[in-house]
Amino acid sequence: MSHKPRLAVFKFASCDGCQLSLVALEDELLALAERIDVAYFLEASSRVEPGPYDVALVEGSITTPEDAQRIRQIRRDSRFLVTIGACATAGGIQALRNWADSAEFLRAVYASPEYIHSLATSTPISSHVPVDFELRGCPINKQQLLEVLVSLLGGRRPRTPVHSVCLQCKRRGTVCVTVAQGIPCLGPVTHDGCGAICPSYNRGCYGCYGPCEQPNLESLSDQCQVIGVSRETLVRSLRNSFNGYAPEFRAESDRLAGEEQ
Amino acid sequence: MKAVARPRNSPQSETLLLAKQDFQAFLDQLWQGGYRVVGPTIAQQAIVYDEIRRVEDLPRGWTDEQSGGQYRLTRRDDEAWFGFVVGPHSPKRYFFPPQVAVTQADRTSNGWQFSEVPDQEPPYALLGVRACELAAIAVQDRTFINEQYVDPIYRRRRERALIVAVNCTQAASTCFCTSMNTGPRCTQGFDLALTELPDSFTVEVGSERGADVLSSLPVTRAAPGSLLAAEAARQQAVDQITKGLDTKDIRDLLLSNLEHPRWDEVATRCLSCTNCTMVCPTCFCSSVKEVSDLTGDHVQREREWDTCFNWDFSYMNGGIVRNQIRSRYRQWLTHKLASWIDQFGVSGCVGCGRCITWCPVAIDLTEEVAAIRENPA
């Protein structure tokens, strides 16, 4: 690229944690700023430049009619559109509303629900516009974000492995918490990227990177029930994983809940 | 006493005795000799391999109970130091490290300059290596150093290592070394081999290097009573083995049943999570990636453990070759037990049982083979 690539960071329904990962790249930030022109990043700078952008990082899910329109304009303005995090990639924890009556939630939470104009669902960006790359995690891993940016600068595909968390546990030397301690763990069906943090602290993976490639959820559910996990707990674990609306997790929680759709 | 020099892997006939009260001196001797001593210790409710500096680091008085998909650390009735079987780790991770830089390059005004990444690891003294693990090391030697292509990282670590084996005195329900002719008795591939008695260890010397370590320690010649006690302790392990794998014509059996319905059945249970291959002491697959810094001026080539259970491990121009769990499980089992023989002249399985214990859904390869054998195509 002859000019400095122009980067934009956009937020939808989310907690801001993923875009903060960009700011958290403290050691690499100056070198990154030399190679990238940060044209739009409200979290970090009030300087706002209009599109088009070479790379758009999109955080958050689509939960309002306005956002459903705004993402279309962002898509038109952006050469590469990269979603960052579980909200943008799978709908986030707010996708729990997809299994509930959102109008009832509004009545319960807001004194004047008539002022709220939100959609009945929380959906990932890819349900609305084509996405060039999805970076997983709640929140994303800042080193993986750097890999995405470096690879786009270098004109190659990002290397973000699609395998299970188990592989990374074993590379680290972490002992399987399910086999040795009977702790339920979503690691065998969850996408790596975090570096297998939770099992190294003797707790099960809770699936915050969403499903790995070709997960065998039915078999894991069967085994979890053998070690005493109830169906209700399994349904809740999958839906509360921040990736509950990801197709594989959704299908399994619906199957377990007896709500095949 | 001064031991007589012997060629490596040619056991000295005389068995010695090392008192437990002198074992700390033995450990000190190893550390002072420049070795990093790695052996069994407790972490995360399991007996793993890690650094051993003091005898207190050993899992004295603990044992393991293993079955399909389950491992439990429990107290023993006695204070045995090596009264357990094999854990989730194996010597593999020391000779074939899970993640390692293999080379690096820097962009200079004269073009790319390549350089070695020095391996800083001191020589290992691997303590507590079991017979099946000795067999696994011999299997990996065929992969990494005995064929045309030599892996320099493996070779350096392997050749400098001292191996202090320990004979099993018990077996788990997952053990089947007797089927694979790999144990439980340590017969070769060690520098020293211990058998635990209540207050001492009998010591067989397998190499000059092993003899040298003992030269300044107060070892004595083992009395006939100690030899008999050690033999009885080792026999306990043999007697406790219940699992078996019928290896008769196993290569032809598996390779002539590639479309057997059992592969579909096991694929409904298999998570393709990679655990079996990761704990296997002989699985040797890795992938290599180039990692560059932000400027692109420094590039490092990194190797990490990979596995045939990974979806994109078989990626080639045009797509994924093994795009179903069925084909990935079949690839692993038929390689391990059948085509490994064509490739390396031995089975890839040493009967340690790790893949059975550490499979989260308790798939047992001996049962899979038995199911095919019972009803072949």
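Residue numbering restarts at 1 for every chain, and letters A, B, ... go by the order of the sequence lines. Nothing here was measured: the structure is a model prediction, and the numbers come from that model.
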Next on the checklist: I'd like to check A/Ser219 versus B/Thr268 (side-chain heavy atoms, cut-off strictly below 4.5 Å). Are they in contact?
Outcome noted: no
Next on the checklist: Testing B/Thr307, B/Thr274, B/Asn275 one by one against A/Lys170 for a side-chain hydrogen bond (donor to acceptor under 3.5 Å, both in side chains), which residue passes?
Outcome noted: B/Asn275
Item to check | B/Gln66 portion near chain A, given a 4.5 angstrom heavy-atom threshold | outcome: neither
Next on the checklist: Looking at every heavy atom in both B/Pro88 and A/Val175, which two are closest together, and how far apart are they?
Outcome noted: CG-CG2, 4.1 Å
Item to check | Heavy-atom pair count under 4.5 Å with chain B, highest-scoring of A/Leu167, A/Val177, A/Leu220, A/Ile227 | outcome: A/Leu167
Item to check | Residue pair A/Gln214 / B/Asn323, side-chain donor-acceptor N/O under 3.5 Å | outcome: yes
Item to check | Exercise: identify the closest heavy-atom pair between B/Gln44 and A/Ala180 | outcome: O-CB, 4.3 Å
Checklist entry - Hey, mind stepping through A/Arg156 and B/Glu290 against side chain to side chain contact (heavy atoms under 4.5 Å, CB included) and telling me if it holds? => result CA-CA 12 Å; A/Arg156 61 171 173 82; B/Glu290 318 289 342; over 6 Å; no
Checklist entry - What are the two closest non-hydrogen atoms of A/Ser164 and B/Cys273, and how far apart are they? => result OG-O, 2.8 Å
Item to check | Per-residue contact mode, A/Pro199 against chain B (heavy atom under 4.5 angstrom) | outcome: backbone
Item to check | Proximity breakdown for A/Leu217 and chain B, heavy-atom pairs closer than 4.5 Å | outcome: neither
Next on the checklist: Are A/Val150 and B/Ser292 packed together at the side-chain level, in the sense that at least one heavy-atom pair is separated by less than 4.5 angstrom?
Outcome noted: yes
Item to check | Residue B/Val361 versus chain A: region with a heavy atom under 4.5 Å | outcome: both
Checklist entry - Given a strict heavy-atom distance threshold of 4.5 Å, which part of A/Arg171 is in contact with chain B: side chain, backbone, both, or neither? => result both
Checklist outcome for this item: Of the listed A/Cys212, A/Cys176, A/Ala31, A/Gly173, the one with the largest count of heavy-atom pairs under 4.5 Å with chain B is A/Gly173
Checklist entry - When rounded to the nearest 0.5 angstrom, what distance separates CD in B/Gln45 from CD in A/Gln181? => result 5.0 Å
Item to check | A/Asn216 to B/Leu271 - nearest heavy-atom pair and separation | outcome: O-CD2, 3.4 Å
Checklist entry - What residue, out of A/Arg35, A/Glu213, A/His163, has the most heavy-atom pairs lying under 4.5 Å from chain B? => result A/Glu213
Checklist entry - Could you go step by step and tell me if B/Trp358 and A/Thr178 meet the side chain to side chain contact (heavy atoms under 4.5 Å, CB included) rule? => result CA-CA 9 Å; B/Trp358 298 97; A/Thr178 299; over 6 Å; no
Checklist entry - Around A/Arg157, counting heavy atoms of other residues, nucleotides and ligands shown, do more than 12 lie under 6.0 Å from its CZ? => result no
Item to check | Interatomic distance, B/Arg93 atom CZ to A/Arg172 atom CZ [nearest 0.5 angstrom] | outcome: 11.0 Å
Item to check | Toward chain A, the part of B/Arg269 with a non-hydrogen atom under 4.5 Å | outcome: both
Checklist entry - Considering only heavy atoms, which portion of A/Thr174 lies under 4.5 Å from any heavy atom of chain B: side chain, backbone, both, or neither? => result both
Item to check | Toward chain A, the part of B/Trp311 with a non-hydrogen atom under 4.5 Å | outcome: side chain
Next on the checklist: Taking every non-hydrogen pair under 4.5 Å, which of B/Cys359, B/Pro98, B/Ser272 racks up the most with chain A?
Outcome noted: B/Pro98
Checklist outcome for this item: Nearest heavy-atom approach of B/Leu294 to A/Glu28 is CD1-O, 3.5 Å
